[in-house]
4 protein chains.
Amino acid sequence: MSPKSKQQNELIKVGRKHEISATALKLFAENGFQHTTISAIAKEAGIAKGLLYNYYDSKEALIKEIIISELHQFTNLFDSNNDGILTAEEFEFFIKNTIATLKKNPEHWKLYFAAFLQKDVLQILRHELEAKLMPQYLILIDYYRRKGETNPEAAALLLTATLDGISLNYIHAPDAYPLEALGELILQKFK
Amino acid sequence: MSPKSKQQNELIKVGRKHEISATALKLFAENGFQHTTISAIAKEAGIAKGLLYNYYDSKEALIKEIIISELHQFTNLFDSNNDGILTAEEFEFFIKNTIATLKKNPEHWKLYFAAFLQKDVLQILRHELEAKLMPQYLILIDYYRRKGETNPEAAALLLTATLDGISLNYIHAPDAYPLEALGELILQKFK
Amino acid sequence: MSPKSKQQNELIKVGRKHEISATALKLFAENGFQHTTISAIAKEAGIAKGLLYNYYDSKEALIKEIIISELHQFTNLFDSNNDGILTAEEFEFFIKNTIATLKKNPEHWKLYFAAFLQKDVLQILRHELEAKLMPQYLILIDYYRRKGETNPEAAALLLTATLDGISLNYIHAPDAYPLEALGELILQKFK
Amino acid sequence: MSPKSKQQNELIKVGRKHEISATALKLFAENGFQHTTISAIAKEAGIAKGLLYNYYDSKEALIKEIIISELHQFTNLFDSNNDGILTAEEFEFFIKNTIATLKKNPEHWKLYFAAFLQKDVLQILRHELEAKLMPQYLILIDYYRRKGETNPEAAALLLTATLDGISLNYIHAPDAYPLEALGELILQKFK
DNA sequence: CATGAATGAGATTTCATTCAT
DNA sequence: TATGAATGAAATCTCATTCAT
């Protein structure tokens with residue numbers, strides 16, 4: 001008799017939205033952005049096409065929201081509450097942790113990288129990303145300075161680039177890639 | 001008024017084909033795969049749409065040929081005297097040349113990386129890619145083995161990953177990125 | 001906590017219905033039929049979409065009811081004492097009242113004219129319209145016959161057409177249009 | 001062997017465009033804007049839907065271009081090359097000519113009126129329309145001034161409105177409407 | 001009576017590809 | 001070889017209407 005309560009509706013909406021984005025994410029990872037249609041997403045999510053537009057204004061908006069939300073999660077990985085001084089021990093932990101994270105969900109990382117190459121998406125998040133990553137970067141520079149590196153900035157950038165490159169290569173052929181061995185080697189060369 | 005000779009026609013054909021791929025590359029880099037239409041490529045190249053199909057069987061084929069050709073240019077940098085043995089000198093030359101190539105046309109590389117993340121594109125290129133890169137990979141492994149590395153395979157992969165990572169980072173902010181300094185550092189750590 | 005009486009419910013219903021039609025009228029006038037959605041009407045009226053369908057069977061029905069009701073208001077202006085005989089005094093009153101009505105809400109009339117040009121809307125209203133307007137048309141003819149006009153039918157049609165034309169012109173530029181002066185002139189020429 | 005010449009293509013294009021707009025015009029008149037779909041226009045014109053978009057950017061653009069082009073034709077009816085003095089004889093000719101024009105193509109006039117009620121379309125042509133109609137209006141005012149009317153501006157506006165109103169009424173029921181009789185009456189009352 | 005999430009038919013639009021010339 | 005009008009399949013998007021609650 002009576003309509004659904006506001007809380008009920010809110011629950012439904014949040015659930016649906018998450019359902020849609022999860023489905024879309026899955027299909028993007030499976031088939032790529034280009035070949036993932038709204039129809040396919042709706043079908044896979046078990047809803048009518050039209051409903052999707054109750055939650056996202058357009059396909060473009062859907063893709064962007066998903067990527068942005070993924071990148072948000074990504075940037076949160078780098079939130080640290082340490083004292084600003086990186087010890088050799090912490091360095092080792094950082095590297096191993098990065099590798100473990102990578103191993104846990106390669107598909108997500110593929111999306112991150114795809115996102116990095118989407119000009120407009122990146123634009124939106126650039127400031128946020130920089131704000132998140134800058135402290136880490138500064139700590140790394142300090143680490144290398146204390147170690148007596150001639151060009152600590154370059155050293156920090158090199159480590160970052162190496163980790164990016166490993167990630168990129170790993171997500172392409174997760175099964176065959178010797179992540180751990182590379183982790184060891186990084187510690188040898190970069191610690 | 002005499003008909004063009006076969007050689008002349010061949011020349012025109014090769015030139016035309018290059019013109020098309022260069023135009024396509026430019027537009028892909030500017031607007032992304034998705035938003036670059038065959039019409040736009042033909043218009044920008046100053047030819048009719050139909051003619052494009054005399055040179056490339058499909059849009060897919062066009063994209064793939066461009067990427068392969070990019071890759072070709074890159075792989076040719078390696079092991080300049082082709083004797084299968086990489087000397088320290090050649091190694092240095094390879095690194096420096098890679099960096100110079102990167103600097104010369106970041107847009108090309110952006111395309112390359114974007115393609116790398118397009119599942120289907122990669123799938124078809126994988127064999128070709130492997131065939132191209134494998135010899136060089138083997139040469140690198142051999143290089144590190146001769147240098148006495150414990151895990152020469154990992155060392156080769158790490159170098160590759162680092163170069164990829166640098167490329168990826170560089171194409172995002174070409175102006176501020178200290179490519180040369182990183183090149184020096186690579187030589188220090190990886191030669 | 002006692003349930004609402006039948007009369008109360010009836011009052012709410014009538015009020016609600018009027019609220020909806022007023023809102024719809026406003027939005028139709030602002031954005032045109034085509035670009036006014038049921039959702040927008042419901043939102044603007046502060047009710048749920050579903051409730052609107054308790055009052056009107058369809059969007060078409062809503063539009064038609066609005067137009068008919070507009071027309072109703074208009075036709076009631078005519079032949080104020082309903083005796084079937086139009087006096088010169090009543091004629092003057094009719095003209096002045098028409099002009100006053102026009103001035104009061106140009107948007108209503110814009111809708112009315114727009115509707116007039118929508119084939120299907122008109123089709124359905126034609127009978128109803130004729131039934132409403134015919135008596136008044138006959139009264140006008142009678143008026144002109146008594147005045148000794150050679151072609152009283154044409155005279156009646158001409159007056160009708162003139163009033164329509166004035167309305168049409170007025171709603172386009174209400175501010176600059178000398179409605180009153182035209183009213184005077186009509187009385188001079190048509191009374 | 002050789003492609004179509006530029007002139008040939010130009011001919012095809014102009015012909016097609018005219019074909020499309022004529023078909024659209026016909027269907028608009030038959031079914032109204034609202035109920036005329038791009039599919040229906042394409043089908044009736046015997047072409048693929050897609051082709052329509054080679055000639056018009058969108059349905060909206062198609063509709064507007066047609067209306068604007070119709071209105072252009074309409075404004076051209078009012079191009080006069082007379083001496084600025086309207087004689088009683090010329091007045092009579094003007095009225096009769098207007099009525100004859102109306103009779104020749106009621107469907108077009110219906111579109112004109114529909115156009116007048118499309119806010120944005122009118123906006124585009126307002127200046128042009130005013131420029132075309134103003135001279136006529138001034139000549140009419142002068143005509144009534146010379147005749148000793150107290151308010152010649154109002155008299156001119158009233159005539160204009162009356163003609164508009166007649167047109168509006170006529171296009172609704174062309175068969176039964178006594179156009180000629182009304183023409184005579186106008187001459188009686190307005191000359 | 002009241003809600004608004006959900007439907008689904010149908011509209012518009014895009015664009016790689018073909019083909020008559 | 002070269003053209004670009006034309007195709008048509010498939011995509012995105014809209015919105016009046018329904019219905020479980």
Side-chain angles (χ1 to χ4, degrees), chain A residues 1-6 8-10 12-13 15-16 34-42 46-60 62, chain B residues 3-4 9 12-13 16 34-43 47-62, chain C residues 3-4 9 12-13 16 34-43 47-62, chain D residues 1-6 8-10 12-13 15-16 34-42 46-60 62:
Chain A
M1 283 297 166
S2 59
K4 295 195 192 77
S5 76
K6 283 216 168 143
Q8 274 180 304
N9 267 327
E10 200 50 39
I12 289 174
K13 270 173 92 162
R16 264 287 190 248
Q34 185 133 214
H35 297 109
T36 302
T37 66
I38 288 287
S39 289
I41 296 169
I47 60 169
K49 260 183 305 193
L51 186 56
L52 202 148
Y53 288 88
N54 280 15
Y55 295 94
Y56 298 93
D57 283 347
S58 67
K59 190 192 181 186
E60 197 83 338
L62 166 62
Chain B
K4 295 195 192 76
N9 271 330
I12 288 172
K13 235 174 129 167
R16 192 82 94 179
Q34 186 129 220
H35 298 111
T36 302
T37 65
I38 288 287
S39 287
I41 296 170
K43 193 179 219 174
I47 60 168
K49 264 183 297 193
L51 187 55
L52 199 148
Y53 284 85
N54 282 14
Y55 297 95
Y56 297 93
D57 285 346
S58 67
K59 194 189 182 188
E60 282 291 271
L62 170 59
Chain C
K4 295 195 190 77
N9 272 331
I12 289 173
K13 237 175 131 167
R16 191 82 93 178
Q34 186 128 221
H35 298 110
T36 303
T37 64
I38 287 287
S39 288
I41 296 169
K43 195 179 216 174
I47 60 168
K49 264 183 301 195
L51 187 54
L52 198 147
Y53 284 85
N54 282 15
Y55 296 95
Y56 297 94
D57 284 346
S58 66
K59 194 189 180 186
E60 279 295 88
L62 169 59
Chain D
M1 282 297 169
S2 58
K4 295 197 194 75
S5 76
K6 285 217 167 142
Q8 274 180 304
N9 267 326
E10 199 50 38
I12 290 173
K13 269 173 91 163
R16 264 285 190 251
Q34 185 133 215
H35 297 109
T36 302
T37 66
I38 287 288
S39 289
I41 296 169
I47 59 170
K49 263 183 302 196
L51 186 56
L52 203 147
Y53 287 88
N54 280 15
Y55 295 94
Y56 297 93
D57 284 346
S58 67
K59 190 192 181 185
E60 196 82 338
L62 167 61

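None of the values given here were measured: they were computed from a predicted structure. Any value given below was found using the heavy atoms of this structure, including those in side chains, with hydrogens, waters and symmetry copies removed. Throughout, protein chains are lettered first and strands after them, A, B, ... in sequence-line order, and every chain is numbered starting at 1.
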Check your understanding: Say you draw a straight line from CD1 of D:Ile47 to CG of D:Leu52; how long is it, rounded to the nearest 0.5 Å?
Key ->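 Going from CD1 on D:Ile47 over to CG on D:Leu52, the span is 5.0 Å.
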Practice item. Measure the CD1-CG distance between A:Ile41 and A:Leu62 for me, rounded to the nearest 0.5 Å. Key: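 The distance works out to 5.0 Å.
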Selection from [options] that lies nearest to any side-chain heavy atom of [X]:
X       : options             : value
A:Asn9  : F:dT1, F:dA5, E:dA5 : E:dA5
B:Asn54 : E:dA2, F:dA5, F:dT1 : F:dT1
B:Leu51 : F:dT1, F:dA6, E:dC1 : F:dT1

When the distance from [atom1] of [X] to [atom2] of [N] is rounded to whole Å, what number comes out?
X       : N      : atom1 : atom2 : answer
A:Ile47 : E:dG8  : CD1   : C1'   : 13 Å
C:His35 : F:dC15 : NE2   : P     : 8 Å
B:Leu52 : E:dA16 : CG    : C1'   : 11 Å
B:Ile41 : E:dC15 : CD1   : C1'   : 12 Å
D:Glu10 : F:dA5  : CD    : C1'   : 12 Å
A:Gln8  : E:dA6  : CD    : C1'   : 16 Å
B:Lys43 : E:dA16 : NZ    : C1'   : 17 Å

Exercise for review: Locate the shortest heavy-atom distance separating C:Ala48 from C:Ala42; write the atom from each residue and the value.
Suggested key: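 It is C-CB, 4.0 Å.
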Review point. If a stem is a run of at least 3 consecutive Watson-Crick or G-U pairs, both distances under 3.5 Å, which stems include DNA chain E?
Key: E:2-21 with F:2-21
Check your understanding: Looking across every strand, which nucleic acid part, if any, lies under 4.0 Å from A:Tyr55 by heavy atom: base, sugar-phosphate, or nothing?
Key ->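 Answer is sugar-phosphate: A:Tyr55 comes under 4.0 Å of backbone atoms only.
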Exercise for review: Report yes if a side-chain nitrogen or oxygen of C:Arg16 is closer than 4.0 Å to either non-bridging phosphate oxygen (OP1 or OP2) of E:dA2; otherwise report no.
Suggested key: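 So the side-chain polar atoms of C:Arg16 do come within 4.0 Å of the phosphate oxygens OP1 or OP2 of E:dA2, strictly under.
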Review point. Which letter, B, S or -, goes with each nucleotide of nucleotides 9-14 of chain F from 5' to 3', with contact meaning a protein heavy atom under 4.0 Å?
Key: -BSBBB
Practice item. Check whether any side-chain N or O of B:Lys59 sits under 3.5 Å from a backbone N or O of B:Thr37 as a donor-acceptor pair, and report yes or no. Key: no
**Study point:** N/O donor-acceptor pair under 3.5 Å between A:Lys13 side chain and A:Tyr55 backbone
**Key:**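 A pair under 3.5 Å: no.
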Practice item. With side-chain contact (heavy atoms from CB on, under 4.5 Å) as the test, would you mind laying out the steps for B:Asn54 and B:Arg16 before giving the verdict? Key: CA-CA 10 Å; B:Asn54 282 14; B:Arg16 192 82 94 179; over 6 Å; no
